[in-house]
Amino acid sequence: MIVSTLLLSLSAALVSYLIGSVPAASWLARSRGVDIRKVGSGNSGATNVLRSLGKGPALLVAAFDILKGALAVWLARALDLPPEWVGLCGVAAVIGHNFSPFLGFRGGKGAATTFGTIAALDPVTGLGVFVLGVATMWLTRFVSAGSILGAVTAGILVVALGRPLWLMLSVLFLAALLIWQHRSNIERLTAGQESRIGEKVR
């Protein structure tokens, strides 16, 4: 019984990684004759699609990337896996997005997939991340600032709300990974060189 549960859990984590690794931004851009890795920031994510292809494709990619994280969590719960594995499956989806085997283990920065995962794991924390993250993007026109503040918000909320240890660890890891993925953005924000929404990448 223990062995079968472990095998099922490992299989679900692998499937979650593969779900997360589907590079929607890259494939959509390629269908429009654009190599997303050679334009803008070079990232395979919704923000770079926005700059390269416009709002419609960017919204489609963002929605798909959010769904990837949520789907991994829903799959784990549908299989009735232990809660720790539910968290790990969500984390696996984000890692798949950031380090996709379809893109030579490169990818996006994971903001949308991280949000989808956190929202599915803990809707209250997800709501807080959405409100503060979107408000920051709207006020500053910096996508990176909204993503970073959203990550910080997630970490604070999950601890302040006294969530179970497995959930705290999952969210804190995702928050730390997202901030790490944005380290170059942090340097540009500090130097006043970060590109705003609607501007070309500097």
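We're numbering straight along the sequence, starting at 1.
To the nearest 0.5 Å, the span separating CG on Leu59 from CG on Leu50 amounts to 8.0 Å. Atom OG1 of residue Thr125 and atom CG of residue Leu167 lie 6.5 Å apart, to the nearest 0.5 angstrom. Considering CD1 of Ile197 and OG1 of Thr140, their distance stands at 7.0 Å, rounded to 0.5 Å. Taken from CG in Leu178 to OG1 in Thr114, the straight-line distance is 5.0 Å, to the nearest 0.5 Å. Note that OG of Ser195 and CZ of Arg188 are 7.0 Å apart. Values are rounded to the nearest 0.5 Å. With rounding to the nearest 0.5 angstrom, the CG atom of Leu71 is 4.5 Å from the CD1 atom of Ile19.
The shortest non-hydrogen separation linking Gly90 to Val73 is CA-CG2, 4.1 Å. The shortest heavy-atom contact between Asn43 and Gly107 is OD1-O, 3.9 Å. Closest non-hydrogen pair, Trp166 versus Glu84, comes out as CB-CG, 3.8 Å. Scanning both residues, Leu132 and Leu149, for their nearest heavy atoms gives O-CD2, 4.2 Å. Taking both residues in full, the closest heavy atoms of Glu194 and Ser144 are given as OE2-OG, 2.7 Å, listed atom of the first, atom of the second, then distance.
At least one donor-acceptor pair closer than 3.5 Å links the side chain of Asn98 to the backbone N or O of Gly110. Asp35 places a side-chain N or O within donor-acceptor distance of the main-chain N or O of Arg37, the cut-off being under 3.5 Å. The closest donor-acceptor contact from the side chain of Asn185 to the backbone of Ala145 lies at 3.5 Å or more, if one exists at all. Arg106 places no side-chain N or O within donor-acceptor distance of the main-chain N or O of Ser44, the cut-off being under 3.5 Å.
Applying the side-chain hydrogen bond (donor to acceptor under 3.5 Å, both in side chains) definition to pairs two or more places apart or across chains, none involves residues 7-27. Legend: side-chain hydrogen bond (donor to acceptor under 3.5 Å, both in side chains) pairs involving residues 130-139, not counting sequence neighbours: none detected.
The closest side-chain heavy-atom distance from Leu88 to Ser170 is not below 4.5 Å. The shortest distance between side-chain heavy atoms of Leu10 and Trp85 falls below 4.5 Å. Trp74 is listed as a side-chain neighbour of Leu67, based on a closest heavy-atom distance under 4.5 Å. Counting only heavy atoms from C-beta outward, the side chains of Arg32 and Pro57 approach each other to under 4.5 Å. At a threshold of 4.5 Å between non-hydrogen side-chain atoms, the residues Leu121 and Val86 count as touching.
Side chains of His97 and Lys68: a donor-acceptor N/O pair is present below 3.5 angstrom, by distance only.
With His182 as reference, Ile148 is the one residue of Val143, Leu189, Ile148 to meet the side-chain contact (heavy atoms from CB on, under 4.5 Å) rule. Put simply, the residue from Leu60, Val34, Ile36 that forms a side-chain contact (heavy atoms from CB on, under 4.5 Å) with Leu28 is Leu60.
There is a path of hydrophobic side-chain contacts, each under 4.5 Å, that joins Val129 to Ile66. Taken together through direct or relayed side-chain contacts under 4.5 Å among Ile, Leu, Val, Met, Phe, Trp and Tyr, Leu6 and Val15 form part of one hydrophobic cluster. One hydrophobic cluster, built from ILVMFWY side chains closer than 4.5 Å, holds both Met168 and Val94.
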Item to check | Stepwise side chain to side chain contact (heavy atoms under 4.5 Å, CB included) test for Thr117 and Val91 | outcome: CA-CA 8 Å; Thr117 299; Val91 168; 5.9 Å; no

Checklist entry - What's the verdict on side chain to side chain contact (heavy atoms under 4.5 Å, CB included) for Leu157 and Val171, showing C-alpha distance, side-chain angles and the deciding distance? => result CA-CA 10 Å; Leu157 281 177; Val171 172; over 6 Å; no

Checklist entry - So Ile186 and Ile179, side chain to side chain contact (heavy atoms under 4.5 Å, CB included) or not? Walk me through it. => result CA-CA 9 Å; Ile186 294 172; Ile179 293 171; 4.0 Å; yes

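A salt bridge links Arg163 to Asp122: at least one charged side-chain nitrogen sits closer than 4.0 Å to a carboxylate oxygen.
In this structure, Arg183 forms a cation-pi arrangement with Trp180, its terminal cationic atom sitting closer than 6.0 Å to the ring centre and no more than 45° off the ring axis.
Take Phe105 and apply the ring pair (Phe, Tyr, Trp, His ring centres under 6.0 Å) test, not counting sequence neighbours, and it matches no residue.
When the shell of 6.0 Å around CZ of Phe102 is examined, it contains more than 12 heavy atoms from other residues, nucleotides or ligands.
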